[in-house]
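Have a look at the structure below before the remarks.
We name chains A, B, ... by the order of the sequence lines, and we start the count at 1 in each one.
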Amino acid sequence: MESTIKKALLENSEALFGTAIEEKSIQFQKTRKDVEGDLTLVTFPFVKILRCSPVDAGNKIGAFLTDAIDEIDSCEAINGFLNIVLSDAYWINKLDLVSKDTRFGFSAPDSKPTVMVEYSSPNTNKPLHLGHLRNNFLGYSVAEILKANGHKVVKTQIINDRGIHICKSMLAWERFSPLDESGKRETPESTGMKGDKLVGKYYVIFDKEMNSEAKEIISSWEEGNFDGFDADVEAEVKRLIASKEGKDEKAISGIDSKIKEIAKNQTSLLNDAKEMLVKWEGRDPQVYLLWTTMNSWVYDGFEKTYDMMGVDFDKLYYESDTFLIGKDLVAEGLSKGVFYKKEDSSVWADLADEGIDDKLVLRSDGTAVYMTQDVGTAVDRYKDYPDLDGIIYTVGNEQDHHFKVLFLILKKLGYAWAHNCFHLSYGMVELPKGMGRMKSREGTVVDADDLMEDIIVQAQEMTQERGHIDGMTDEQKRSLYELIGLGGLKYYLLKVDPKKKLVFDPGESIELNGNTGPFIQYAHARIKSLLAKSEEESSLEGVTSFLPEEKSIVKQLVEFEQVVKDAGSNHSPALIANYTYELVKQYNHFYQSVTILKEENTQLRAMRLLLSENVAKVVSMSMGLLGVNVPERM
RNA sequence: GGGCUCGUAGCUCAGCUGGAUAGAGCACCUCCCUUCUAAGGAGGCGGUCUCAGGUUCGAAUCCUGACGGGCUCACCA
């Protein structure tokens, strides 16, 4: 409709305005709720051309449009706004179109290029936490939204299965895990623990043990005892200790943490872990076996968590594979002059012309860094999927700089697709003030499994209170609780703009009233119950007009198509969530103000059923885009 | 210190390609189940849109600066 009006105005601009007008001066906006109208044209831009008041301009344009376009019933100019009223026939036709299209709002599958969406990408040394939940739900949802926009989508992750952090867990397990009577160490089987939890436990133990060792070292340093330490360490520490003299509290704590950092590097534990990493890179059989064993425990644990989250992947990448590709690419880039080598034989990317500090891509000992493997992974992916149009990296905003650099390096290496790589950067999930920051090493995380289970229990309690679950089997009840709990959690994490940080108080339970998942799920269940009770078919037969409550729903339904597009181009599930909330609110208002099943006029009843049916359809589709399921009953 | 980013009601958030009286939810206060699921609906209370300038017919929205928060600038990942 907007384009019809625009076209009419442009084609008749000479007659109307006496001159050609620019397309951008034709601006539409939503009509205010308290004014009559379906669409509003802003008339301020025409005031200068017509040299009259905004209202006069509106009246003139309004008269023309009412005359020129059939679907326009009337127009009213208020201040600088021309409110256009469209005919009921127009809206009836729109509803008919929505109703007949089972995939309304979605583009034809595979009609757009292939896109890869990376999300989750955990380290294999610790369990998934709240931050991962936001990451996974966001990545999964964006993938679904892109599919709805016609893209072919490959869901993937890069598993950080290599590096010093894994060796820490391995070493701690080898050293501190208790032996049973047959001389065996703890396993997921022997303890009944989820594999990722068991490995994570030893990661924490490692950190604890290393810290206490570091503490001893520091106290001996403070006593002036530097036996067994390198001369340059001794000199540096002495310099730092001396520099504390006369400083304020804040500066001292800064210096102390520097000393602590040095001490940690001197612990036998950390040095043993480093040694283990070297052995791993050398494919030492014993270390390699331990590595595969402990990783497999973690994967088993992750699988359960992903299953509960309702997310999945089409293709997995492992850092232990791609870091080698990355090293080759560094060698290649070195020969092409993209990188340069320093005297200590470390390799760097020169980014001075971009105004960024040079970036290390290979350590002086020849081992790979984070950047090395990410370059390798990207190239590997384009090799696997030659028709790939772009990669979307769902990674927290603390890595904004990393991805900026990564994409630059890929560009410098000559990959034209580099400009199609996109960092879907989302804000951190923060704990309320005073609770500190989530850190796995310190055990101050909100565990993903625990949180999901808590919210399911909460959903269970609420559902039992309301009681619409008579006649359900225990299994059905349990899956309903999961559906509601996880729906609530997903909606809670997705309704906020991904770019913004999000405050989460683990002490307070997640709200399930108001703008929430269950609010929307409930509306869906209520419609389904209504439809189940009705005996006749829904239809638009004989309908000639709408009540305001009905029309506002039709308008909102029609907008779904554009919202899906916007959510795709903005990578924002939040747009879908907010849209659906608005739709459901309008429906609830309608539901309470008119009767449906008990309406005596058959045609009216059939139309309201059709309206309800389509609200349920769109709610179900839009929630599907968020990974939220909707129940038939609740 | 440099870069990026955020600052809207007591709290959590919409609105941000400039447009009418800045919207929701929670919390608090009223009402509404002998109509289809009250996890609902109707209403009330609550705002110098951090501050100061600028651009404009018009600024929460764009620009500049200040203040405050977060992230980042590692031979960690």
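Atom CD of A:Glu398 is separated from atom P of B:C73 by 10 Å (rounded to the nearest Å). With rounding to whole Å, A:Lys48 atom NZ is found 10 Å from B:G58 atom P. For A:Asp400 and B:C6, the CG to C1' distance is 12 Å, given to the nearest whole Å.
A:Asn513 pairs by the side-chain hydrogen bond (donor to acceptor under 3.5 Å, both in side chains) definition with nothing, not counting sequence neighbours. Taking the side-chain hydrogen bond (donor to acceptor under 3.5 Å, both in side chains) definition, one finds that A:Ser53 meets it with A:Asp56, sequence neighbours left out. The side chain to side chain contact (heavy atoms under 4.5 Å, CB included) test applied to A:Thr516 returns A:Glu511, A:Pro518, A:Phe519, not counting sequence neighbours.
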Please list, one pair per line, the donor and acceptor atoms closer than 3.5 Å that link side chains of residues 362-371 of chain A to other protein atoms, with sequence neighbours excluded.
unit_1	atom_1	unit_2	atom_2	d
A:Arg363	NH1	A:Thr367	OG1	2.9
A:Arg363	NH1	A:Ala368	O	3.1
A:Asp365	OD1	A:Thr367	N	3.0
A:Asp365	OD1	A:Thr367	OG1	2.6
A:Tyr370	OH	A:Gln399	OE1	2.4

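Identified under the salt bridge (charged side-chain N to carboxylate O under 4.0 Å, His left out) test for residues 156-167 of chain A, with sequence neighbours left out: A:Arg162-A:Glu281, A:Arg162-A:Glu319. For residues 24-37 of chain A, the salt bridge (charged side-chain N to carboxylate O under 4.0 Å, His left out) pairs, not counting sequence neighbours, are A:Glu22-A:Lys24, A:Lys30-A:Glu559, A:Arg32-A:Asp34. For residues 525-535 of chain A, there are no salt bridge (charged side-chain N to carboxylate O under 4.0 Å, His left out) pairs, not counting sequence neighbours.
With distances taken from any side-chain atom of A:Asn123 to the nucleotides B:G40, B:A77, B:A74, the minimum falls on B:A77.
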Exercise for review: Indicate for each nucleotide in nucleotides 14-24 of chain B, in 5' to 3' sequence, whether protein heavy atoms under 4.0 Å reach the base (B), only the sugar-phosphate (S), or nothing (-).
Suggested key: S-B--BBB--S

Revision key, fill the gap. Its contact letters, B for base, S for sugar-phosphate only and - for none at protein heavy atoms under 4.0 Å, make nucleotides 33-38 of chain B read --BBBS

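Among the protein residues, A:Tyr370 comes within range of the nucleic acid bases, having at least one heavy atom under 4.0 Å from a base atom. Residue A:Leu502 is classed as a sugar-phosphate contact, given heavy-atom separations below 4.0 Å to backbone atoms only. Residue contacts shown for A:Gln521 are absent, as no nucleic acid heavy atom lies under 4.0 Å away.
Note on A:His589: a side-chain N or O is less than 4.0 Å away from OP1 or OP2 of B:A42.
Aromatic pair A:Tyr119/A:Tyr426: centroids not less than 6.0 angstrom apart.
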